[in-house]
Amino acid sequence: MKIAFIGLGHMGSGMAANLAKARHAVRAYDLSEAAVTQAVADGCIGAASLGQACEGAEAVITMLPGGQHVLSVYSQVLERTPKGALLIDCSTIDVESARQVATQAEMAGFPMIDAPVSGGVTGAKAGTLTFMCGGPKDAFERAEPILKQMGKVVIHAGAVGAGQAAKLCNNMLLAITMIGTCEAFALAEKLGLKDQVFFDIASKASGQNWSMTSYCPVPGPVPTSPANNDYQPGFAAALMLKDLSLAMQAAAQTNADTPLGSRAHALYEALCNQGHATQDFSYMMERIRRGA
C-alpha cells in the first residue's frame with residue numbers, strides 16, 4: 001500500500017519504520033530534514049514536501065504535536081491526496097479539533113479516524129502500541145490492518161473523537177497512579193522499607209498497578225523502566241503535562257469533577273517548570289522524594 005506518513009518525531013519515526021518493514025511504500029515527510037533522512041535509512045521514501053508525500057497515497061497517517069498543527073496539515077492533505085484515501089490521525093489533540101477535521105474530511109470525500117496511541121517511544125519502535133480509535137466503523141475496518149502493523153492492540157472506541165476522549169481519560173488516570181505510586185515508594189523508604197521489598201509486596205497486593213509493575217519509578221525492580229536509565233523517556237513529562245492540560249480542558253467543557261486530575265496537572269506543571277520537562281514522567285519520584 002502507498003502510505004504518506006507526516007510527522008517523524010520520537011513516535012512517528014518508529015511507527016513509519018514499522019510500516020516500511022511491513023513492505024508498505026511509505027512516503028515520509030517532516031519539517032526536519034534530519035528526520036526524513038533517518039526515515040529513509042529505516043526503509044521509507046523521503047518526501048521533499050507534504051504534497052509530494054500525499055501524491056498517489058492510498059492512506060495518510062499523521063503524528064503531530066497539537067490540534068492547530070492537525071488542522072493546518074489537513075487543510076493541505078485534503079487538497080493534495082486522491083479522493084477516497086483513508087486518513088488516520090494518530091496525534092493526541094483535543095476532541096473538538098478531532099471532530100472538526102473529521103467533518104472537513106468527510107465533506108471533502110475522505111474517510112477518517114482519530115487513532116491516538118499509548119505505549120511511548122519504546123512501543124513505537126517495537127510495534128507494540130495501543131491504538132484508541134474514533135470514527136465510522138467502515139473507516140476503522142480499513143485502518144485496522146494498517147494499525148496492527150504498528151501496534152499490538154487496536155480498539156474501536158466509538159464515533160469521531162472517541163479515540164481522543166479515551167486517550168485523555170487514560171493518561172489522566174496514568175498520571176494519577178504514577179503520582180500515587182511515587183508517594184507510596186517515598187513513604188515506604190522513610191519507614192525503612194527497601195524499594196525491592198516494597199515492590200515485591202505491593203506488586204502482588206491490592207496496590208498493584210501498571211505504573212508499579214511495568215514502569216516502576218524507582219531503579220531496580222523493573223529493569224526496563226526509565227528509572228534504570230537516568231529517567232530518559234519513555235514518555236516525557238512535557239507530554240504528560242500536555243495530555244493533562246487537554247484532559248482539564250475537556251473536564252471544564254463538560255463540567256466534570258476531576259480533583260485528582262487537577263492536582264496531577266499542577267504537580268506535572270511544577271515538575272516541568274523546574275527544568276525536568278524532557279525527562280520521563282516517572283521522574284515525579286525524584287520531586288516527591290525532595291518534597292518540593
Pairing residues for [X] by the side-chain contact (heavy atoms from CB on, under 4.5 Å) criterion, not counting sequence neighbours:
{"X": "L239", "answer": "F235, A236"}
{"X": "A17", "answer": "D42"}
{"X": "E106", "answer": "none"}
{"X": "S32", "answer": "D30, A34, A35"}

If you define the side chain from C-beta out and look only at heavy atoms, does anything of [X] sit under 4.5 Å from [Y]?
{"X": "L246", "Y": "K167", "value": "no"}
{"X": "L50", "Y": "I6", "value": "yes"}
{"X": "Q196", "Y": "P221", "value": "yes"}
{"X": "T181", "Y": "P217", "value": "yes"}
{"X": "L174", "Y": "D243", "value": "no"}
{"X": "H276", "Y": "M284", "value": "no"}
{"X": "T177", "Y": "W210", "value": "no"}
{"X": "E189", "Y": "V218", "value": "yes"}

Report yes or no: does [X] contribute a side-chain atom to a donor-acceptor pair with the main-chain N or O of [Y] at less than 3.5 Å?
{"X": "D280", "Y": "P226", "answer": "no"}
{"X": "E79", "Y": "G51", "answer": "no"}
{"X": "Q149", "Y": "L19", "answer": "no"}
{"X": "N273", "Y": "E269", "answer": "yes"}

Specify the closest pair of heavy atoms between [X] and [Y], including all atoms of both residues, with the distance to one decimal.
{"X": "D94", "Y": "G67", "value": "OD1-CA, 4.2 Å"}
{"X": "A57", "Y": "A85", "value": "O-CB, 3.5 Å"}
{"X": "I146", "Y": "A59", "value": "CD1-CB, 4.2 Å"}
{"X": "N18", "Y": "A124", "value": "ND2-O, 2.9 Å"}
{"X": "R142", "Y": "P111", "value": "NH1-CG, 3.3 Å"}
{"X": "Y268", "Y": "L244", "value": "CD1-CD1, 3.7 Å"}

Under the side chain to side chain donor-acceptor pair (under 3.5 Å) test, which residues partner [X], sequence neighbours left out?
{"X": "H10", "answer": "none"}
{"X": "Q104", "answer": "none"}
{"X": "N228", "answer": "S225"}
{"X": "H265", "answer": "S245"}

Cluster link [X] to [Y], ILVMFWY, side chain under 4.5 Å:
{"X": "L260", "Y": "M240", "result": "yes"}
{"X": "V73", "Y": "V117", "result": "no"}
{"X": "L87", "Y": "Y29", "result": "yes"}
{"X": "M1", "Y": "V26", "result": "yes"}
{"X": "M212", "Y": "L191", "result": "no"}

K148 vs E144, test: salt bridge (charged side-chain N to carboxylate O under 4.0 Å, His left out). Steps then yes/no.
CA-CA 6 Å; K148 282 186 173 179; E144 187 175 16; 3.5 Å; yes
Just verifying a value: how many Å separate [X] [atom1] and [Y] [atom2], rounded to the nearest 0.5 Å?
{"X": "Q164", "Y": "C169", "atom1": "CD", "atom2": "SG", "value": "11.5 Å"}
{"X": "L267", "Y": "L241", "atom1": "CG", "atom2": "CG", "value": "11.0 Å"}
{"X": "I179", "Y": "F281", "atom1": "CD1", "atom2": "CZ", "value": "9.5 Å"}
{"X": "I3", "Y": "H24", "atom1": "CD1", "atom2": "NE2", "value": "4.5 Å"}
{"X": "I288", "Y": "L271", "atom1": "CD1", "atom2": "CG", "value": "9.5 Å"}
{"X": "I176", "Y": "T258", "atom1": "CD1", "atom2": "OG1", "value": "8.0 Å"}

Going by ring-ring contact (aromatic ring centres under 6.0 Å, His included), name the residues that satisfy it together with F185, two or more places apart in sequence or in a different chain.
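Result, ring-ring contact (aromatic ring centres under 6.0 Å, His included) vs F185: F198.
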Hey, can you pull the donor-acceptor pairs under 3.5 Å for the side chains in residues 125-141, sequence neighbours left out?
none

Verdict with reasoning, I113 to L147, per side-chain contact (heavy atoms from CB on, under 4.5 Å):
CA-CA 11 Å; I113 67 167; L147 298 178; 4.2 Å; yes
Enumerate the salt bridge (charged side-chain N to carboxylate O under 4.0 Å, His left out) contacts for residues 195-209, please, sequence neighbours excluded, ordered by first and then second residue.
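Output for this query lists D195-R289.
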When you look at NZ of K242, are more than 12 heavy atoms from neighbouring residues, nucleotides or ligands closer to it than 6.0 Å?
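Yes, NZ of K242 has more than 12 neighbouring heavy atoms, counting only those of other groups under 6.0 Å.
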side-chain contact (heavy atoms from CB on, under 4.5 Å) for V121 and M11? Distances and angles first, verdict last.
CA-CA 5 Å; V121 175; M11 296 293 292; 4.2 Å; yes
side-chain contact (heavy atoms from CB on, under 4.5 Å) between Q38 and S13: does it pass, once the steps are laid out?
CA-CA 8 Å; Q38 182 59 54; S13 59; 5.6 Å; no
Qualifying ring-ring contact (aromatic ring centres under 6.0 Å, His included) pairs with a residue from residues 76-128, counting only residues at least two apart or across chains
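Every candidate ring-ring contact (aromatic ring centres under 6.0 Å, His included) pair involving residues 76-128 fails, so no pair, neighbours aside, qualifies.
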Under a 3.5 Å cutoff, is there a donor and acceptor pairing between the side chains of Y215 and S282?
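Checked: Y215/S282 side chains show no N/O donor-acceptor pair below 3.5 Å.
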Would S118 and N170 count as a side-chain contact (heavy atoms from CB on, under 4.5 Å) if you check the C-alpha gap in whole Å, the side-chain angles of each, and the deciding distance to 0.1 Å?
CA-CA 9 Å; S118 178; N170 178 79; 4.1 Å; yes
